[in-house]
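Remarks on the structure that follows.
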Amino acid sequence: MPSADDILDRTGFNPDESILTRRQAVVLALRNEGLAQASIADRLGTSRANVSSIENSARENIQKARETIAFAEALEAPVQVTIESGTDLYDVPDQVYSACDEEGVKVTRSAPEFMKLISDAAGDAVTGREVVTDILVGVTSDGEVRVRRG
C-alpha cells in the first residue's frame, strides 16, 4: 500500500491551496485506500476518535467548499430565475426555458429531466409537484443548471 505522502504527491495536494489541512488530507487519502479508522489511528499514532473527528471535519470542509462553488456559479449565471413558493413543478421548465431564450442560453435537458434535477437539487423545497420554498435556478452560459434555495 502506498504511503499517505505518496498518495498526496500523486494527487497534487497542496496545503497552501486547499481548504483541508494536511492531516485531513492524509486521513481522507488513507480512508480512500480502504483503511479503517483504527488502522489509520495506529499509523498516525493517535486515537480512532481523533481520526474520526479529523475525517468528519474534512468532509464538512469539502461540503462547505461545494456549497461555496455552487453559490458563486449561481451568482455568475447569466440566467437566474426565482421560482416562487406555490409554483407547480411542471411549470418550472417553461419559466427557465423562456429566460434562457431571452439570454441566448441553450439548455440541453428535456422538461422531465429538468424537473427531476430541480426536485433532487432543491431537497425539501419541493414536495411532490409543489415548490414550497422559493428556489433560485441559475443556468450558466454553457447550459449547466444550478439550483439554490431562496
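Starting from 1, each residue takes its place in the sequence as its number.
Counting only residues at least two apart or in different chains, salt bridge (charged side-chain N to carboxylate O under 4.0 Å, His left out) contacts with residues 109-121 comprise Lys116-Asp120.
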Run the side-chain contact (heavy atoms from CB on, under 4.5 Å) test on Val139 and Glu103 for me, step by step, so that the C-alpha distance in whole Å, both residues' side-chain angles and the decisive distance to 0.1 Å come before the verdict.
CA-CA 10 Å; Val139 183; Glu103 294 296 323; over 6 Å; no
Where do Thr140 and Glu76 land on the side-chain contact (heavy atoms from CB on, under 4.5 Å) test, with the steps shown first?
CA-CA 7 Å; Thr140 66; Glu76 295 173 354; over 6 Å; no
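In plain terms, the two heavy atoms of Val132 and Ser85 that are nearest each other are O-OG, 3.1 Å. Of all heavy-atom pairs spanning Val126 and Ser119, the tightest one is CG1-OG, 4.0 Å. Summarising the geometry of Thr21 relative to Phe13, their closest heavy-atom pair is O-CZ, 3.8 Å, with the distance given to 0.1 Å. In plain terms, the two heavy atoms of Pro2 and Arg43 that are nearest each other are O-NH2, 4.0 Å.
Remark: side-chain polar atoms of Ser18 are not paired, donor with acceptor, to backbone N or O of Asn14 under 3.5 angstrom. A donor-acceptor pair under 3.5 Å is absent between the side-chain atoms of Ser53 and the main chain of Ala49, judged by distance alone. Side chain of Thr11 to backbone of Ile7: a donor-acceptor contact under 3.5 angstrom is found.
Using a 4.5 Å cut-off on side-chain heavy atoms (C-beta onward), Leu20 and Ile62 make contact. Using a 4.5 Å heavy-atom threshold, the side chains of Lys64 and Ile19 count as separate. Using a 4.5 Å heavy-atom threshold, the side chains of Arg23 and Leu44 count as touching. At least one side-chain heavy atom of Gln37 sits less than 4.5 Å from a side-chain heavy atom of Arg31. Contact check for Gln95 versus Thr87: side-chain heavy atoms found under the 4.5 Å cut-off. Between Leu28 and Glu55 the shortest side-chain heavy-atom distance falls below 4.5 Å. Residues Asp124 and Arg149 are in side-chain contact: their nearest non-hydrogen atoms beyond the backbone lie under 4.5 Å apart.
Heavy atoms from other residues, nucleotides or ligands lying under 6.0 Å from CZ of Arg10 number more than 12. Within 6.0 Å of atom CD in Glu84, 12 or fewer heavy atoms from other residues, nucleotides or ligands are found, so the atom counts as exposed in its surroundings.
Under a hydrophobic-cluster definition in which Ile, Leu, Val, Met, Phe, Trp and Tyr are linked whenever side-chain heavy atoms come within less than 4.5 Å, directly or via other members, Tyr90 and Tyr97 are assigned to the same cluster.
Rounded to the nearest 0.5 angstrom, Ile69 CD1 and Glu67 CD are separated by 10.5 Å. Atoms CD1 and CZ, on Ile83 and Arg148 in that order, are 15.0 Å from each other to the nearest 0.5 Å. From Arg48, atom CZ reaches atom CG of Asp42 across 12.0 Å, with rounding to the nearest 0.5 Å.
The side-chain contact (heavy atoms from CB on, under 4.5 Å) test with Val147 is passed by exactly one of Leu136, Ile118, Val92: Ile118.
Ser47 and Asn50 are not linked by any side-chain donor-acceptor pair at a separation below 3.5 angstrom, with hydrogens and angles left out of the test.
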